[in-house]
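Every chain is numbered from 1 and lettered A, B, ... according to where its sequence line falls, protein lines coming before strand lines.
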There are 2 protein chains.
Amino acid sequence: MSLRYALLGLLAGEPASGYDLTQRFEKQLGLIWPAKHPQIYGELNKLADAGLIEIDSEGPRGRKVYRITDAGRAEAKRWLTEEPVDRTARLEPLLRSLFYWLMDPEDLRAHLAAEAAYYRQAAAGFEQFAADKDGGVYGDSPQVKSMRVTIEAGVKLYEALADWAEWAQTVPPAEPQD
Amino acid sequence: MSLRYALLGLLAGEPASGYDLTQRFEKQLGLIWPAKHPQIYGELNKLADAGLIEIDSEGPRGRKVYRITDAGRAEAKRWLTEEPVDRTARLEPLLRSLFYWLMDPEDLRAHLAAEAAYYRQAAAGFEQFAADKDGGVYGDSPQVKSMRVTIEAGVKLYEALADWAEWAQTVPPAEPQD
DNA sequence: GTTCGACGTGTCTCTTCATACATGTCAAGT
DNA sequence: ACTTGACATGTATGAAGAGACACGTCGAAC
């Protein structure tokens, strides 16, 4: 259900086509809410049928730019204020860590090093983004201010994971099991 | 696919029934990898068909205790060392934060306070768990050592989110939009 | 003129997961 | 004797999501 609101929220910021939105998911939203084009196009059609968005203009190659409607804006706001937050997290890397005792120590060392590197780099990516925002590269519209808050969550989250993976490397390995 | 390995990993630690495993997901794993009983029972039957687990004993009320097989242990190890880590994260609260600019400031304040409280409490839960482990309540088997590592991730992660939600409350609200 | 890469929208199929429904057992308290 | 709550395992249905397949367009480089 969240993808529906993600699209609605993005369109509340500015009109966009399915292709535009797919790019944004790929480049910006992938780390917090991934979505592929089949799902996006499908959901856009459902949103249009429901009258929450409408076609703003059509362009070359069948491009359809959508715009949010008043009903859509109201629905987005309703979601934000009335729908309970879904705090479900599904973190495969943490699930794996529960079974580290099954791994050979050398494999585990390599694994944790890769984990730390990945998370540190992801955090750095968010930080770069934050620096650009703070530097005014994107202006200071309300949307940009909210995005800055989201990015801060990304920084803190991925740094926490990087710190964890580094810390885990200092924990003495258990005897290997078979 | 991960649930399959979650069950395999848990059974590598000790034999358990579907009911036992459901309880563990509810009480311990819910915050990092939720799973409900229909999925668990279904997956257990598939694992048994594949010869990765087998029935250890049967008890009252149709209770079936499963035990991991050698093939299952090998498969779990293969997963841990050969399968690429899936670092996909899908965090609805962070997605929401992207659209905070659509909310009325007073609603947002209340929302962030609730977020901070929730994450702080979740972190405290993990910390309590960690303290028990460190206090030796659960012994110091290799499984417990791994779980201690996982718990540390939980602590760091949820504290990061709590810090974020508290920090976000200090960010001056944007002008309300309609 | 052709080729190539980005642009652009869609369908089909399969897996995963959530929710509701369905069924029955056993122990303990009243 | 009866009721209640925990124990215990399943099925049915539908939504969400991933990956493959499918089709067509436009601009730029060669």
Please work out if B/Thr22 contacts a base, only the sugar-phosphate, or nothing of the nucleic acid, heavy-atom cut-off 4.0 Å. nothing
With rounding to the nearest 0.5 Å, note down the distance linking CG in B/Leu10 to CD1 in B/Ile53. 11.0 Å
If each of A/Gly62 and A/Ala35 is mapped to the nucleotide of DNA chain D with the nearest heavy atom, which maps nearer the 5' terminus, i.e. the 5' end? A/Ala35
Which is it for A/His37 and A/Phe25 under the ring-ring contact (aromatic ring centres under 6.0 Å, His included) test, yes or no, and what are the steps along the way? CA-CA 9 Å; A/His37 83 267; A/Phe25 274 91; over 10 Å; no
Give every pair of a protein N or O atom and an N or O atom of nucleotides 5-7 of chain D that lie under 3.5 Å apart, one pair per line with the distance.
unit_1: D/dC7; atom_1: OP2; unit_2: B/Tyr19; atom_2: OH; d: 2.6
unit_1: D/dC7; atom_1: O5'; unit_2: B/Tyr19; atom_2: OH; d: 3.2

Does NZ or CZ of B/Arg120 fall inside the cone over B/Tyr158's six-membered ring, less than 6.0 Å from its centre and within 45° of the axis? no
Does any N or O in the side chain of A/Tyr41 come within less than 3.5 Å of the main-chain N or O of A/Tyr19, such that one atom is a donor and the other an acceptor? yes
Of all the choices, D/dG10, C/dG10, C/dA18, which nucleotide is nearest to the side chain of A/Arg90 once you look at every atom? C/dA18
Between atom CZ in B/Arg4 and atom C1' in C/dT16, what is the gap in whole Å? 13 Å
Heavy atoms only, 4.0 Å cut-off, all strands: where does A/Ser2 land among base, sugar-phosphate and nothing? nothing
Atom CG of A/Asp86 and atom P of C/dC17: how far apart are they, to the nearest Å? 14 Å
Could you check A/Thr88 against A/Tyr66 and say which one's nearest nucleotide on DNA chain C is further toward the 5' end? A/Tyr66
Whole angstrom value for the distance that separates P of D/dA8 from CD1 of B/Ile55: 14 Å
Please examine the side chains of A/Val144 and A/Ser141, heavy atoms only from C-beta on, and report whether any two atoms are closer than 4.5 Å. yes
Electrostatic pair B/Arg78-B/Glu75, nearest N-O below 4.0 angstrom: yes
To the nearest Å, how far apart are B/Glu58 CD and C/dC26 P? 13 Å
Please determine whether a side-chain nitrogen or oxygen atom of B/Lys64 lies at a distance below 4.0 Å from atom OP1 or OP2 of D/dG10. yes
Nearest-Å distance for atom pair CE/P, residues A/Met1 and C/dT19: 14 Å
note: A/Leu21, atom CG; C/dG8, atom P; distance rounded to Å ~ 12 Å
Using the six-membered ring of B/Trp79, assess whether NZ or CZ of A/Arg96 lies under 6.0 Å from its centre and within 45 degrees of the ring axis. yes
When rounded to whole Å, the CZ to C1' distance for the pair A/Arg24 and C/dC7 reads 18 Å
To the nearest angstrom, how far is A/Leu95 atom CG from C/dT16 atom C1'? 15 Å
Numerically ordered, the residues 38-49 of chain B set in heavy-atom contact under 4.0 Å with DNA chain D is B/Pro38, B/Tyr41, B/Asn45
What distance do B/Thr150 atom OG1 and A/Trp164 atom CH2 have between them, rounded to the nearest 0.5 Å? 6.5 Å
Grab the two heavy atoms, one from A/Pro93 and one from B/Asp86, that are nearest each other, plus how far apart they are. CD-O, 3.4 Å
For B/Arg63, does its backbone N or O pair with a side-chain atom of B/Ser17 as donor and acceptor, under 3.5 Å? no
Does the C/dG8 base have a donor-acceptor partner in the side chain of A/His37 within less than 3.5 Å? no
